[in-house]
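Per chain, numbering begins at 1; letters A, B, ... match sequence-line order.
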Number of protein chains: 2
Amino acid sequence: MALEDYPRPSVTVDVIIFTLHDDLQVLLIKRKYPPFAGMWAIPGGFVQEGESLEETALRELEEETGVRDVYLEQLYTFGNPGRDPRGWVITVAYFALVPCTAVDLQAGDDAAEARWFSIHSLPLLAFDHADILPYALQRLRYKLEYSAVGFELLPETFTLTELQTAYETILDETLDKRNFRRKILGAGVIERTGAYRTGEGRPAQLYRFRDDAVAEVKARRLFP
Amino acid sequence: MALEDYPRPSVTVDVIIFTLHDDLQVLLIKRKYPPFAGMWAIPGGFVQEGESLEETALRELEEETGVRDVYLEQLYTFGNPGRDPRGWVITVAYFALVPCTAVDLQAGDDAAEARWFSIHSLPLLAFDHADILPYALQRLRYKLEYSAVGFELLPETFTLTELQTAYETILDETLDKRNFRRKILGAGVIERTGAYRTGEGRPAQLYRFRDDAVAEVKARRLFP
DNA sequence: TTTTGTTTGTGTCATTTATACACCAATTAT
DNA sequence: ATAATTGGTGTATAAATGACACAAACAAAA
């Protein structure tokens, strides 16, 4: 029995794009055409032949935000019947973490508009996207506890207070300053740049993420 | 642009079926037809329209092993171009844990033969299945450390020694008996049945898994 | 029936890890 | 100069982990 003899679904890749702007935010696009015209949705597109799923995700990501070289991770594949009124559509969901800096919003072909939404004030979502989004958030929070993924949302250099604030924003809980610093510094994943960020109070040491530390850290838990 | 205007891939669901028989074992099927005729492969099949991915996985699982009501979890979706010589095929991989008891092997239509293989002596695998399998094993080991998934591989009732042996076999490391017992019992996920297993030496208490403990335990880590 | 062999079941101490908590230092704004 | 603001540091207590050895209960063999 040949491949073509089986009915085939359409396959899309949706990318939940997170960033930090005061709050933890996700990028959504306003649908221009039916179904769900006028509603907000997670950006995504059809997989093309000869393209890997990750390539599809990266392509979507670049189309929507103009960014490349960001953290991208496959989340889950959704294939329940009836999830797309147009027919049989299976969606591979990815989530991406982009730094608040250097994002250039540009609506794709299918979208009327692209906007960041705080995860605390999401609009009604198209398709089954209201199920997918909490899943992505949960995964992000979970990963934050045992990997160094938090840095992906910050610019190249950052202060420890900024890093802690990022963690607190994502986890939606407050952390003890001294314990946070001890753990982060003890993990050896960041290093001083030598520069300082000056501002209102005392200037703060600037740190950068140690790229060579990624692999070894993946196994450990930073915040058990 | 309508759905049908996009080229569509074939989508299959592959299920890595684990069990414990002395060793940790996976069920593989010997392919009857090309491509890779005569080679061993992870059991799987095409998703049918109107069927969820999980239903496909359960169907495959039942076809191969005759079991229902087992632990099943989506693993990862593989879609690299060229992974199937027949054409464009995207595979959603699941992994299942079935108790060593009550498995009735029955080769499916596409298979010449189904066999359990120890994960320490795997044959050459068809497609990209040699990449998928270690991924499943890693996930299983990882999950074992923070959830109560180990019980899924044991019969209804079991002794603490049997449970410890299961953990040791999967993790491929030895554990301290007293520390193991302290942690398992402290987690409150199992309870005594009151019955004993008699055998060579001193009779052992039989335990059962507390079903109502699943949810609350999912969050905690049993073996950090 | 006594002895031997095999498996179960239990507690403590040392070490490590996590948590709670308060003040001085360095700078800018007034 | 003074006040206001943010950055940076250590210690003591509690909890979790890891290492470790022997008596109890039964079956098999003598």
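Comparing C/dG9, D/dG18, D/dG8 against the side chain of B/Asn179 picks out D/dG18 as the nearest. Listed nucleotides: D/dG8, C/dT10, D/dC20. Nearest to the side chain of B/Arg192: C/dT10.
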What nitrogen or oxygen pairs link the protein and nucleotides 26-30 of chain D at under 3.5 Å?
from, atom 1, to, atom 2, distance (Å)
D/dA27, O4', B/Glu200, O, 2.9

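The CD-P distance, from A/Glu162 to D/dT6, rounds to 13 Å in whole Å. Going from atom CG of A/Leu175 over to atom P of C/dA18 covers 14 Å, rounded to whole Å. Per the geometry, CG belonging to B/Leu206 stands 14 Å off C1' belonging to C/dT7, to the nearest Å. A straight line from CZ of A/Phe180 to C1' of C/dC21 spans 18 Å, rounded to a whole angstrom. At whole-Å resolution of the value, CD in B/Gln205 and P in D/dA25 are 12 Å apart. Rounded to a whole Å, the CZ atom of B/Arg197 is 11 Å from the P atom of C/dG9. Summarising the geometry, the separation between CG on B/Leu160 and C1' on C/dT8 is reported as 10 Å, rounded to the nearest angstrom. Taking atom CZ on A/Phe158 and atom C1' on D/dG7, their separation rounds to 16 Å, with Å as the unit.
For A/Thr159, there are no side chain to side chain donor-acceptor pair (under 3.5 Å) partners two or more places apart in sequence or in a different chain. Residues passing the side chain to side chain contact (heavy atoms under 4.5 Å, CB included) test with A/Arg182, sequence neighbours excluded: A/Asn179. Under the side chain to side chain contact (heavy atoms under 4.5 Å, CB included) criterion, B/Glu55 pairs with B/Glu51, B/Ser52, not counting sequence neighbours. Checked against ring-ring contact (aromatic ring centres under 6.0 Å, His included), B/Tyr76 has the following partners two or more places apart in sequence or in another chain: B/Phe78, B/Tyr135.
B/Tyr94 contributes atom OH, which lies 12.0 Å from atom CG of B/Leu61 (distance to the nearest 0.5 angstrom).
Regarding contacts with the backbone of D/dG7, a side-chain N or O of A/Thr161 is found under 4.0 angstrom from either OP1 or OP2.
Residue A/Arg182 places a side-chain atom within donor-acceptor reach of the base of C/dT19, judged by atom type and a 3.5 Å distance cut-off alone.
When each of A/Ala204 and A/Arg178 is assigned the nucleotide of DNA chain D with its nearest heavy atom, A/Ala204 is the one assigned upstream, toward the 5' end.
For the pair B/Arg115 and B/Trp40, the cation sits on the ring face: its NZ or CZ lies under 6.0 Å from the ring centre, inside 45° of the axis.
By the neighbour-count criterion of 12 heavy atoms within 6.0 Å, atom CD of B/Glu191 is densely surrounded, having more than that number from other residues, nucleotides or ligands.
The rotation axes computed at either terminus of the helix from C/dT1-D/dA30 to C/dT30-D/dA1 lie 0° apart, taking five pairs at each end and rounding to 10 degrees.
Looking at A/Thr12 and A/Thr91, their side chains do bring a donor and an acceptor atom within 3.5 Å of each other.
In summary, the aromatic rings of A/Tyr71 and A/Phe151 are positioned with their centroids too far apart to meet the 6.0 Å limit.
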